Amino acid sequence: MSTTIVGWGKAVPKNVRSNAEIASMVDTTDEWIFSRTGIRERRIATEGETTFTLGRDAAERALTRARISAADVDMVIVATLTPEMPMPATASLIQDAIGASRAGAFDLNAACAGFAYGMEVARAFIDSGGARTVLLVGSETMSRVIDWTDRSTCVLFGDGAGAVVMQHVDHGGVRASSLGSDGSGSHLLQIAGGGSRTPVSKQTIADRLHFLAMDGREVYKFAVNATVSSAATAMARAGWSPEELDLFIPHQANVRIIKAAARRLHLGTDRVFVNAHRYGNTSSASIPIALCEALEQGRVSPGNRLVLVGFGAGLSWAAVALEWTMTVPTAAE
Ligand SMILES: CC(C)(COP(=O)(O)OP(=O)(O)OC[C@H]1O[C@@H](n2cnc3c(N)ncnc32)[C@H](O)[C@@H]1OP(=O)(O)O)[C@@H](O)C(=O)NCCC(=O)NCCS
């Protein structure tokens, strides 16, 4: 018995912000950004586009693809670090908007590892019999927590959403996972203000504590190590050798991180999915957006062995070994 993905969808803002545009805002260049990150452009939400609207649109597309009515969804999980508001959960807003009238709903925050964590939570619900159909959404508006005067972070992130519908399957599906956290590195990547420790005040705003802050070099080292070790652990638990992997879909934080991890896992570029150059780091949305695009590009077929890996603030990480089970319609179908 296992759990598989039966529907998928993504929603990204139409508005594209290029490196050149960012270079007109802060002291940077397209060449610096591309050489350090592999990012060329990212999507930025316009007024009216929020974590809720993007997540709702991705969720509806995933349900349509799965040919499942919202009324049949048992649980809505939204992985996000940029919720619509601190409360209620963005998941409840999406549950209501799509008409998932029987479903429970909650948000999950494991930062950029949130979607991969969510897959494991969905699997646990389904395997335990607590839910038959789980709608898992990763949705972020990182542009709303980025300090657009800080060149060391504002070049990295973007907005978007992806969603999957998960159900029981007899063969294939999620084979194994590897989840972890090291909270001793919490200060390396955080939004320090606006919570219980430092509630919002004029001072926290003057100190720019409502924006994301990061120690890029330390996070880089962590990211490569966490990606390699969690992917290797998930593959070992699934009984797969790296040679048997068909496609590696890592969190799209930075193309250099992805390439360094892939080298250590002995994966050639043909077995690694990359779209960070078009979207930047969309945090918990990056894996489902990448999965959707890998499917659209015909890079995934039934029986393929995939490893999805998320990593980020916490510090936290999660890898999922997934044997793909669904036939993927061609663009014409
Ligand atoms: C952020 C990152 C791209 C920076 O690349 P780097 O090669 O480590 O660069 P450094 O931090 O060593 O900075 C080198 C110099 O570039 C400067 N710099 C930083 N951002 C810059 C920018 N956008 N444009 C031009 N120069 C910049 C720095 O000020 C520094 O200057 P200094 O040497 O005079 O102090 C890299 O550390 C990284 O990708 N880290 C991981 C980030 C990440 O993925 N976070 C999310 C995880 S979910």
Side-chain angles (χ1 to χ4, degrees), residues 17-42 79-82 108-118 138-143 145-160 162 179-183 185-192 211-231 249-262 274-277 279-290 308-319:
R17 186 169 294 171
S18 67
N19 288 351
E21 283 170 84
I22 294 185
S24 71
M25 299 161 67
V26 291
D27 182 15
T28 191
T29 60
D30 173 45
E31 199 278 328
W32 192 97
I33 301 170
F34 186 69
S35 66
R36 294 306 212 301
T37 70
I39 298 166
R40 285 284 188 207
E41 61 187 36
R42 70 287 293 143
T80 187
L81 69 88
T82 53
L108 181 162
N109 181 353
C112 302
F115 186 84
Y117 260 83
S139 185
E140 304 282 9
T141 42
M142 296 303 290
S143 63
V145 296
I146 291 304
D147 183 348
W148 288 100
T149 66
D150 174 8
R151 68 177 184 174
S152 69
T153 53
C154 75
V155 301
L156 300 173
F157 295 93
D159 302 334
L179 313 185
S181 173
D182 177 7
S186 61
H187 58 286
L188 297 174
L189 180 50
Q190 63 179 4
I191 299 170
F211 290 129
L212 179 150
M214 179 179 70
D215 179 334
R217 283 183 205 181
E218 287 304 312
V219 172
Y220 184 97
K221 284 186 255 171
F222 150 74
V224 176
N225 290 334
T227 303
V228 172
S229 63
S230 61
I249 306 183
H251 170 45
Q252 304 286 314
N254 177 326
V255 178
R256 272 168 67 212
I257 293 173
I258 296 173
K259 284 187 175 164
V274 177
N275 65 0
H277 53 294
Y279 297 114
N281 179 346
T282 58
S283 190
S284 62
S286 93
I287 291 175
I289 292 173
L308 319 179
V309 181
F311 55 85
L315 301 167
S316 60
W317 58 90

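Just so you know, ligand 1 is whichever comes first in the structure, and atom 1 is the first atom listed for that ligand. Here the structure is a predicted model, which means the values were calculated and not measured.
Under a 4.0 Å criterion applied to the non-hydrogen atoms of N281, ligand 1 contributes the atoms 46 (C), 48 (S). Every atom of ligand 1 is numbered from 1 in the order shown, and the set under 4.0 Å from a heavy atom of G216 is 37 (O), 38 (C), 40 (N), 41 (C). Close contacts of ligand 1 with F311, meaning ligand atoms under 4.0 Å from a residue heavy atom, involve 48 (S). Atoms of ligand 1 found under 4.0 Å from any heavy atom of C112, numbered from 1 in the order shown, are 48 (S). Residue contact check: A253 has heavy atoms under 4.0 Å from atoms 44 (O) of ligand 1. Shown in contact with G312 at under 4.0 Å from a heavy atom are these atoms of ligand 1, numbered in order with element: 48 (S).
In this structure a side-chain-to-backbone donor-acceptor pair under 3.5 Å is present from Q252 to A276. Side-chain atoms of R151 come within 3.5 Å of backbone atoms of D27 as a donor-acceptor pair (strictly under, hydrogens ignored).
A distance of 6.0 Å separates OG in S316 from CZ in F222, rounded to the nearest 0.5 Å. One distance of note links CD1 of I146 with OG1 of T82; it measures 9.5 Å at 0.5 Å rounding. Atom CG of N19 sits about 4.5 Å away from atom CZ of R42, to the nearest 0.5 Å. Note that the CD1 atom of I249 and the CD1 atom of I289 stand 12.5 Å from one another [nearest 0.5 Å].
Residue-to-ligand polar distances keep H251 apart from ligand 1: every N/O pair is separated by 3.5 Å or more.
Under 4.0 Å from ligand 1, not a single heavy atom of V26 appears. Heavy atoms from both the backbone and the side chain of T28 come within less than 4.0 Å of ligand 1. When non-hydrogen atoms are compared, ligand 1 lies under 4.0 Å from the backbone of Y220 as well as from its side chain. Only side-chain heavy atoms of I257 come within less than 4.0 Å of ligand 1; its backbone N, CA, C and O stay farther off.
Using a non-hydrogen distance threshold of 4.0 Å, V155 registers as a contact of ligand 1. Using a 4.0 Å heavy-atom cutoff, S152 is listed among the residues neighbouring ligand 1.
A donor and an acceptor atom, one from each side chain of S24 and E21, are nowhere located under 3.5 Å apart. Residues S143 and D159 have side chains that bring a donor and an acceptor to within less than 3.5 angstrom of each other.
Nearest-residue assignment for atom 6 (P) of ligand 1 (options K221, R36, E31; heavy-atom criterion): R36. The closest non-hydrogen atom to atom 45 (N) of ligand 1, taken over M214, E218, R256, comes from M214. Of the options L212, N254, L156, I22, the smallest heavy-atom separation from atom 38 (C) of ligand 1 is shown by N254.
The closest protein non-hydrogen atom to atom 20 (N) of ligand 1 is W32 CH2, 3.3 Å. Nearest protein neighbour of atom 23 (N) of ligand 1, counting heavy atoms only, is R151 O, 2.9 Å. Nearest protein neighbour of atom 3 (C) of ligand 1, counting heavy atoms only, is T37 CG2, 3.8 Å.
For atom 12 (O) of ligand 1, the nearest protein heavy atom is under 4.0 Å away. Inside a 4.0 Å radius of atom 32 (P) of ligand 1 there is not any protein heavy atom. For atom 47 (C) of ligand 1, the nearest protein heavy atom is under 4.0 Å away. Less than 4.0 angstrom separates atom 29 (O) of ligand 1 from at least one non-hydrogen atom of the protein.
Residues M142 and L81 have side chains in contact (heavy-atom distance under 4.5 Å, counting atoms from C-beta outward). At least one side-chain heavy atom of L189 sits less than 4.5 Å from a side-chain heavy atom of L212.
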Output, in order, the C-alpha distance, side-chain angles, deciding distance and verdict of side-chain hydrogen bond (donor to acceptor under 3.5 Å, both in side chains) for S284 and E140. CA-CA 7 Å; S284 62; E140 304 282 9; 2.6 Å; yes

Next item on the list: Report the C-alpha separation of H251 and N281 in whole Å, then their side-chain angles, then the decisive distance to 0.1 Å, and conclude whether the side-chain hydrogen bond (donor to acceptor under 3.5 Å, both in side chains) test is met.
Entry: CA-CA 8 Å; H251 170 45; N281 179 346; 3.2 Å; yes

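For the pair R40 and F34, the distance from NZ or CZ to the six-membered ring centre is under 6.0 Å and the angle to the ring normal is within 45 degrees.
The minimum heavy-atom distance between A231 and A319, with the atom names listed, is N-CB, 3.9 Å.
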